[in-house]
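Just below is one structure, and these are the notes that go with it.
Keep in mind that what you see is a predicted model, and the values were worked out from it rather than measured. Lettering of chains follows the sequences in order, A, B, ..., and the numbering in each one begins at 1.
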Amino acid sequence: MAEHTDAVIEIKDVSKLFGPVAAVDGVSFGIIRGEFFSLLGPSGCGKTTLLRMLAGFEQPSRGEILIDGQPMAGVPANKRPTNMVFQSYAIFPHLNVEENVGYGLRNRKLGKGETRSRVAAALDLVKLSGYGKRAAHQLSGGQRQRVALARALVCRPKVLLLDEPLGALDKKLREEMQLELRQLQRNVGITFVFVTHDQEEALTLSDRIAVMSSGKVLQIARSDDLYENPNCREVAEFIGNMNLFEGKVAAVGQGNVTIATPAGTFTVPHTAPIGAGSVVHLAVRPEKLALSADKPATGLNAVKGRIIAQTYLGDRRQFLTQIDGMAKPLAISRQISGAEAQISTNTDIWVAWPPQLGRLLTS
Amino acid sequence: MVQRRPEWLTGYSLLSPAIIIMAVMMVTPLLAMVALSFWTQQGFELDRSFTLANYFALVEPSSEPTYWMGIPFPLTYPVPAILLIKSLAMSLAITLAVIALAYPMAYFLAFHVRGQKALWLVLLTIPFWTSYLLRVFAWKIMLGFNGAINSGLKSLGVLTEPLSFLLYNPLAVMITLVHAWVAFAVLPIFVSLDKIDRSYLEAATDLGDSRLRRFLQVTLPLSAPGTIGAALLVFIPTVGDYVTPTLVGGPSGTMIGNLIQELFLKQNNAPLGAAVSITMMVTIGVIVTLFLWLIGFRRLRSRAR
């Protein structure tokens, strides 16, 4: 694979068994030097186990991990060119900020002056200059997070591993830290491997995302690609909101197929070979759907329904529309500009979308 | 609005049972002891006029020093001073031995036992299901002239004559006291090790520490509060112990507690006994305070939070 040419991490068919349970199940991919890479998935999907195998805290049951071309089998955690930011930050409570940040440097034969200037530079990097003498227990959550970052970065690792580092922060601070983290990663140019269960966070931060579920990698893609072109139902439902129509392929056309669903017949782009009659899903995002009182023009996929609920979300309004023949109501998200017509609940309405905005999911 | 009781009052009322017990059972006898040490024994009567004579007797200089372990004691009545120093030295050795034995046990319990910790803690207390006296006697049987160790070694042909240095000396006292106190030390050390967040250890490894370095730099400092607690728990009571030296110490294993007992019960000089007791208590207090000050306990305590 071309993307492996400058892979700083290569994961080759790695599995991790805990008793009979495979926490990580035959995973293979590469992480490119200098990228911000996220492992995204629900809790228990194996993302943290995979990260801990990169750090050296767990050994793969099968398969091989290479960091910078070197096989990591038998290399203990303290000898790996990785550093980690722990979920709990793990700021040593018996050391002050400076001593915490300089901890990893004490294991290297650096001069006193060199150590001091690197610690100062690292504190500067995370905007904590002047906090060096603070005791660990005097720090707020966000400051602890910065200390943990500085402590890992000061060692200049080839790869920085981050285990849900923003999970413990409140929403506002988390959003601030996301921006800073992204900025920081660009500045230092170190490869970041970031574990999170928060899909929004992964989309905001990452160059590429690996979506994991039950120990397997479902899809690896850029944020926008992942959102626009999920490769299976699980990814489609995990990333953002998604409306799904289950149906059968009725006709295969030129670059598109027509599928018959209980709610109607719709057209969706598709190029790969597919047999008529296969059971598939049509996926379409809430914000791609338009509402209208009158029947829309031909050429659009359209379906008639009834508004059963609407939620005001500040910048947009979400409508839930019950469609005959569908178990789950359709979600439609509409930007609020102030000019659009009010739609009241319990009115009949047409939902329509251009065929090219739908996606066909075969698995 | 409901008038709420001030917080300090609630706090003190919750503490009051403990405060009452402390006042009745500890402070009062202690004050009585202090008072006693300023009085004089006159035959069977107590002369209740205030005097510092008892304390003066403990430090009264003499031109002919008495030697103990090569140390000169230029005192007229050197026995209390010698026994106090000897007891402190023995207790220090006992404390160090107890910590050396208890720390690995607590470490094993905290880091290598999974799921069965409660069972192990119960197992640790099994020796305490018999009385302290029985355990001391057990050591007498172990170490005695015809005891388990000597007869065992003789029947194995290792010895022809029994070893006489096992019992009735300071070493026998120290072995017995170490055994008696080691389980008490395991608990506080275990607690302080067990509550160390495992991510600290992983972080230390991640930052390049070897296992030894991680132990010295992270595990040991973070378990210091419990370890210091355990050391004090052993050191303070063993200085004044008199049962063990009475039973296994012999003449050379005598400690300060034996002298106090002797003064109160045999020599019928309770005021002097009280003065020796108070001196011992103050000495221990000063040593403990100095020790805590030296290791920077204030700093440790703030870190433990």
* Asked: Counting only heavy atoms not in A:Lys127, do more than 12 fall under 6.0 Å of its NZ?
  -> no
* To do: Could you grab the distance from atom CG of A:Asn78 to atom CZ of B:Arg213, nearest 0.5 Å is fine?
  => 11.0 Å
* To do: Could you walk me through whether A:Met84 and B:Glu202 pass side chain to side chain contact (heavy atoms under 4.5 Å, CB included), step by step?
  => CA-CA 9 Å; A:Met84 186 140 161; B:Glu202 284 187 344; 5.8 Å; no
* Specify the closest pair of heavy atoms between B:Tyr200 and A:Phe92, including all atoms of both residues, with the distance to one decimal. => O-CE2, 3.2 Å
* To do: Against chain B, work out which of A:Val154, A:Ile91, A:Asn83, A:Leu105 has the most heavy-atom pairs shorter than 4.5 Å and name it.
  => A:Asn83
* Asked: Which atom pair, heavy atoms only, marks the closest approach of B:Ala204 to A:Tyr103?
  -> CB-OH, 4.0 Å
* Whether over 12 other heavy atoms sit under 6.0 Å from B:Tyr12 OH -> no
* Atom group of A:Arg80 that falls short of 4.5 Å from chain B, counting heavy atoms -> neither
* Considering all heavy atoms of both residues, which atom of A:Asn107 and which atom of B:Gly208 are nearest to each other, and what is their separation? -> ND2-C, 3.3 Å
* **Residue B:Asp197 versus chain A: region with a heavy atom under 4.5 Å** => side chain
* Exceeds 12 heavy-atom contacts within 6.0 angstrom, atom CZ of A:Phe57 -> yes
* Asked: Is it the side chain or the backbone of A:Arg106 that comes within 4.5 Å of chain B heavy atoms, both, or neither?
  -> both
* Does NZ belonging to A:Lys158 count more than 12 external heavy atoms closer than 6.0 Å? -> no
* Which portion of A:Ala136 sits near chain B, non-hydrogen atoms under 4.5 angstrom -> neither
